[in-house]
2 protein chains.
Amino acid sequence: MPRSKEQNEQIKEERRSQILTQALRLFASRGLAATKIADIAAAAGVSQGLIYHYFSSKEEIFTELIRHAYAGINAAARYLEELPAPPAAKIRLAIEGLLRDTVQNEDTARFYLLTAQATGSEAIPEEARRIIRQENRLPYEVMARIMRQGQQDGSVKPHPPEDMALVFWTSISGLAINRAVHGAEFKAPNPEILIHTFLA
Amino acid sequence: MPRSKEQNEQIKEERRSQILTQALRLFASRGLAATKIADIAAAAGVSQGLIYHYFSSKEEIFTELIRHAYAGINAAARYLEELPAPPAAKIRLAIEGLLRDTVQNEDTARFYLLTAQATGSEAIPEEARRIIRQENRLPYEVMARIMRQGQQDGSVKPHPPEDMALVFWTSISGLAINRAVHGAEFKAPNPEILIHTFLA
DNA sequence: GTCTATATCCAGATAGAC
DNA sequence: GTCTATCTGGATATAGAC
């Protein structure tokens, strides 16, 4: 008895996400250029040829991961901005949440590493570059707005909001990168250290 | 009339450092694996073959740069520790100096990017890995000691010194990476933001 | 949907002339 | 000290069988 359409669809989705998960792991730990299709295939437990049944090239896999990473980050940024809470609470929540996520979910840390690498690298697919150019401003802008609002109600320190947003994101991504690099032996710092960098 | 020994030596040193400088620029912007020997040769304005007159492989060039980067960072760390100044002044000096260096000297920012990449990557030469394993703890240890001393005289906030050192270095390197990535359009934040993260 | 076998290309490294 | 020409290996991507 042949498989039904639904079963085939399910297998397809499973394989696809298997491949993407392993590719993320490898790209994050070695970079795009140093990761071989053969490595991804081996890690995902499939043949090299099968990769090309699901993706047209290594670059397409990478681009897909970048797309997914920014979708997540920007959804979180929008969610934070919409949240019915005072600015100080949003900042606290963001720092605590981001640090917790980073520590608990290794893939989250890997996505940070991937975007950091990709943003910094000139050796990435054109389409990935396009996505980054288009998507990577939002988190900064949202955070700068929250900082500005917090300064109006006096809960945030009176430095330039853009500077504060920059320090916010570079600190978070610096920590996330450290986490991704050091794996399980990473110990997250007390969130209060960062929180008091911004709150008055 | 043939060139003297001294002139030959001088040419040799010049070429070597030319190659290293261009390799740093390229490795920082694309990573080790994505940088081709042909790219380095072209950027340095020499033939591909000549590269192998000065270095035995692409990996040796990379390793040499890593060695140089850690030598500089650790010399700075030792210098800071020896400095006859109170802990709070050292922290202030370090942050101001590191931010200034990072902004003024693009190569400094590139070295940060290089070490960040290298520390995070599994795809680097064995010898480079050895250097990193051996050298990358010192800055953390020095900064943790300074934080601890600062807590004893009450000038530094009472969070765990190791956490403070971690936040210190991940923030600095996060900013340096941002600087290397965004080039001239990067605007350094007010150092006071970071300084008050640590000082009481 | 999955595999094995293979064509093709490109990058690292070497050889030898000047 | 520097170049051009070339060898060689390995990685991407394709073809075709099951």
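First the proteins, then the strands, lettered A, B, ... as listed; each starts at 1.
- Checking the phosphate oxygens (OP1, OP2) of dG1(C), no side-chain nitrogen or oxygen of R15(A) falls inside 4.0 Å.
- In this entry the distance linking CD1 of I19(B) with C1' of dG1(D) reads 11 Å, nearest Å.
- Side chain of K12(A), nearest nucleotide from dA13(D), dG1(C), dG12(C): dG1(C).
- Distance Q48(A) CD to dG10(D) P: 14 Å, rounded to the nearest Å.
- Electrostatic pairing of E81(A) and R78(A) does not count as a salt bridge here, judged by no charged N lying under 4.0 Å from a carboxylate O.
- Residue H53(B) places none of its side-chain N or O atoms closer than 4.0 Å to OP1 or OP2 of dT2(D).
- Salt-bridge check for D163(B) with K187(A): passed, with a basic side-chain N closer than 4.0 Å to an acidic carboxylate O.
- As rounded to whole Å, 14 Å separates atom P of dT14(C) from atom NZ of K58(B).
- Rounded to whole angstrom, the span from the NZ atom of K36(B) across to the P atom of dC9(C) amounts to 16 Å.
- Checking dT2(C), dT2(D), dA11(D) against every side-chain atom of I11(B), the shortest atom distance belongs to dT2(D).
- Comparing dG1(C), dA13(D), dC3(D) against the side chain of S47(B) picks out dC3(D) as the nearest.
- One finds a salt bridge joining R148(B) and E162(B) here, because a Lys/Arg side-chain nitrogen approaches an Asp/Glu carboxylate oxygen to under 4.0 Å.
- We find that CD of E60(A) is positioned 15 Å from P of dT12(D), with the value rounded to whole Å.
- No engagement by S56(A) is indicated, since no non-hydrogen atom pair under 4.0 Å with the nucleic acid exists.
- Counting to the nearest Å, the C1' atom of dA13(D) and the CD1 atom of I51(A) are 12 Å from each other.
- Side-chain proximity of S57(A) to dA13(D), dC3(D), dG12(C): nearest is dA13(D).
- Q10(A) places no side-chain N or O within donor-acceptor distance of the main-chain N or O of K5(A), the cut-off being under 3.5 Å.
- Going from atom CZ of F62(B) over to atom P of dG12(C) covers 14 Å, rounded to whole Å.
- Of the candidates dG1(D), dT12(D), dC3(D), the closest approach to any side-chain atom of Y52(A) belongs to dT12(D).
- Nucleic acid contact class of L50(A) (heavy atoms, under 4.0 Å, all strands): base.
- Straight-line distance from the OH atom of Y54(A) to the P atom of dA13(D): 18 Å, rounded to whole Å.
- The side-chain heavy atoms of L24(A) and L20(A), taken from C-beta on, include no pair separated by under 4.5 Å.
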